[in-house]
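Before any comments, here is the structure.
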Amino acid sequence: MIVTTCDTVPGQEIESAIGICRGSAIRARHVGKDILAGLKNIVGGEMHEYSKLLAETREQALDRMTEDARAQGADAVVAVRYASTAISQGAAEFLAYGTAVKLK
Amino acid sequence: MTDNTPPPEPSEDELLAMAYADGELNEEARREAAHRMASDEAFALRVAHYQRLDVTARSALQEPQDIAHAKLAAEPTQRAALGLGWAALSVGLVGFYAWIFYVMVRDPEMPTTLKVLMLTGIGGFLLLFLAVLRKRLRELPFDPYTKVQR
């Protein structure tokens with residue numbers, strides 16, 4: 001499955017657009033990591049606890065989007081975008097979406 | 001001495017789990033594998049294992065500070081400071097709140113109904129917490145995203 005942020009798949013021709021495919025995920029880390037991240041707020045530096053949280057959520061949302069595209073019979077997903085918001089404190093939400101297409 | 005024994009051939013189940021995790025199955029085979037995962041926990045765990053490898057492999061490469069971070073995390077002083085810190089914080093907080101509840105429950109001026117309601121609420125919260133914790137622990141082996149670093 002080709003997944004790209006481009007509007008086309010370079011080197012290949014799109015036969016038809018199937019429709020939107022999307023995947024979202026919301027994840028949280030346990031309270032211990034929240035406490036450590038809070039302390040990091042005082043001393044500065046990268047909050048590894050939250051970097052990891054965002055990365056986990058991003059990958060899960062991307063996999064769900066790819067799975068959605070696969071279920072629709074797509075060969076590729078073009079124009080992929082991410083959107084992020086905060087549902088609750090200490091949790092991360094990612095939405096990955098794109099256009100599922102059939103290639104020639 | 002180098003062991004030149006070739007690794008064992010992957011079993012049919014392993015090949016199927018790998019193909020599922022890599023998205024290489026056709027629609028029908030994929031549906032069958034998904035159906036099997038619902039009833040065969042060992043197979044579902046195998047798929048989760050290969051999904052975890054796939055997710056970890058496409059994650060960002062190691063950065064220079066990761067080595068320093070890992071070294072510091074392994075230092076006995078750092079480990080002791082974290083361990084003692086967590087132990088002291090847990091004992092202090094649990095003890096503090098347990099003491100407050102004990103004082104409230106022993107208070108003769110507090111109506112019995114209020115005491116019962118308070119204890120019921122705490123009991124309910126603990127039950128809910130245990131149910132959520134149990135669910136998370138059961139889900140953990142099937143979660144392929146826990147190894148992603150950034």
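Letters A, B, ... mirror the listed sequences (proteins, then strands); counts begin at 1.
Neither the backbone nor the side chain of B/Asp54 has a heavy atom closer than 4.5 Å to any heavy atom of chain A. Using a 4.5 Å cut-off between heavy atoms, B/Arg31 makes no contact with chain A at all.
If you tally non-hydrogen atom pairs under 4.5 Å between each of A/Glu46, A/Arg27, A/Met1 and chain B, the highest count goes to A/Arg27.
With hydrogens and angles disregarded, no donor-acceptor distance shorter than 3.5 Å links the side chain of A/Arg70 to the backbone of B/Glu27. Side-chain atoms of A/Arg64 come within 3.5 Å of backbone atoms of A/Ser24 as a donor-acceptor pair (strictly under, hydrogens ignored). In this structure, the side chain of A/Lys102 engages the main chain of A/Gly73 through a donor-acceptor pair within 3.5 Å.
Ionic pairing of A/Lys104 and A/Glu13 is present here: one or more N-O contacts between side-chain nitrogen and carboxylate oxygen are shorter than 4.0 angstrom.
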